[in-house]
2 protein chains.
Amino acid sequence: MDRIDAKIVRALQEDGRLTNQDLAEKVGLSPSPCLRRVRNLEADGVIQGYSALVDQKACGYPITCFMRIRLSVHSEEAVQRFEAKIMETEAVLDCYLMTGGADYQLRIVAESLDAYEQLVRHTIQRLPGIASIETSFAYGVVKKSRVLPVKLEGAL
Amino acid sequence: MDRIDAKIVRALQEDGRLTNQDLAEKVGLSPSPCLRRVRNLEADGVIQGYSALVDQKACGYPITCFMRIRLSVHSEEAVQRFEAKIMETEAVLDCYLMTGGADYQLRIVAESLDAYEQLVRHTIQRLPGIASIETSFAYGVVKKSRVLPVKLEGAL
DNA sequence: ATATTATTGGCATAATCTGCCAACAGGATT
DNA sequence: AATCCTGTTGGCAGATTATGCCAATAATAT
């Protein structure tokens with residue numbers, strides 16, 4: 001990871017479909033070495049993939065909420081069953097292990113309040129070993145960035 | 001948004017660099033109409049852009065935390081100054097308006113605890129009109145999906 | 001059944017990707 | 001300082017892909 005790699009990472013976060021030629025120009029390289037660097041970043045796992053960013057509402061998911069969940073049982077089995085269920089639930093977009101009052105924080109999307117209720121009743125509340133759930137709805141988005149502020153300095 | 005558009009949206013969320021030819025094959029269309037649909041989805045704002053997904057740690061940002069912030073002053077001016085500052089702070093990746101105890105929830109990344117401290121002291125705490133801040137650190141990631149579970153049914 | 005509109009598939013051209021090789025730069029050794 | 005060595009770069013050629021246009025097809029309404 002040198003200065004050029006950082007530029008590449010930043011540029012591809014801002015536009016994941018940049019052509020290699022445009023990217024090369026942006027970072028001040030000719031296409032061949034540029035492509036090689038991109039492939040290396042991919043192989044090293046620095047770049048994990050590419051994705052289209054979509055308008056949630058336009059796709060029929062106007063509702064976003066965050067749930068903070070505390071488990072009553074922290075045995076390995078309970079944790080694994082919980083996390084396995086999270087993994088297979090498509091409406092759960094993110095799930096982090098947290099410090100503080102809750103064990104997990106989930107970001108959940110839904111098509112409607114009805115769909116949300118179904119999800120909570122049929123999936124979330126049936127997760128094994130839940131002690132408490134605290135939910136907050138997002139009713140507006142101030143910012144949604146996809147660009148890590150990768151410093152253009154320092155080797156890693 | 002018909003069934004085919006939904007397939008396109010899903011496929012491009014899973015791999016934003018799919019070739020138009022591969023995409024066309026995946027959704028059961030020939031390349032020309034497939035490309036046209038993609039361009040329409042982009043023009044309509046359903047597809048808002050493309051992005052490379054990167055490994056935060058490999059890029060030097062091992063720390064993620066969520067901050068829930070409550071404002072003491074909710075005047076339009078205070079809100080705008082707050083949100084403007086959020087917008088220009090690169091370490092704040094997301095910011096939602098929330099129901100419940102906090103007004104905002106921020107997702108923040110940092111390169112180190114020191115950098116985090118600097119950020120809090122020099123940027124966050126100087127935001128105008130803050131009543132309280134509650135921070136939780138993410139010390140693990142269970143799931144991080146980028147794919148809205150776009151239903152293959154229903155026109156919108 | 002017919003007219004009309006929207007969508008599709010195929011084709012030709014232009015742009016892009018990608019692997020290979022020679023040239024170049026930087027560092028270590030003599 | 002000259003030489004070797006390693007890693008990176010730039011350019012070129014063939015293969016792949018994108019893109020605009022046109023006729024053909026499908027869907028809808030009259």
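The figures that follow rest on heavy atoms only: side chains count, while hydrogens, waters and symmetry mates do not. We name chains A, B, ... by the order of the sequence lines, and we start the count at 1 in each one.
- Aromatic ring centroids of B/F66 and B/F137 lie 6.0 Å or more apart.
- Following rounding to the nearest Å, A/Q21 (CD) and D/dG11 (P) show an atom-to-atom distance of 12 Å.
- Side chain of A/T19 to main chain of A/D22: a donor-acceptor pair is present (N/O by atom type, distance under 3.5 Å, no hydrogens or angles).
- Rounded to whole Å, atom P of C/dT8 lies 13 Å from atom CZ of B/R3.
- Counting heavy-atom neighbours within 6.0 Å of B/K143 NZ, excluding the residue itself, gives a total above 12.
- Separating the CG atom of B/D22 from the P atom of D/dT16 is a distance of 12 Å, rounded to the nearest angstrom.
- Across residues 23-46 of chain B, B/S32, B/L35, B/R39 each have a non-hydrogen atom less than 4.0 Å from an atom of DNA chain D (numbered order).
- Atom OH in B/Y50 sits about 13 Å away from atom C1' in D/dA18, given to the nearest Å.
- Rounded to whole Å, the distance from CG on A/N20 to C1' on D/dT17 is 14 Å.
- Taking the six-membered ring for Trp and the full ring otherwise, the centers of A/F82 and A/Y104 sit less than 6.0 Å from each other.
- The CD atom of A/E42 lies 5.5 Å from the CD1 atom of A/I47; values are rounded to the nearest 0.5 Å.
- Considering A/R39, A/R37, A/K151 in turn, A/R37 is the only one that fulfils the salt bridge (charged side-chain N to carboxylate O under 4.0 Å, His left out) rule with A/D5.
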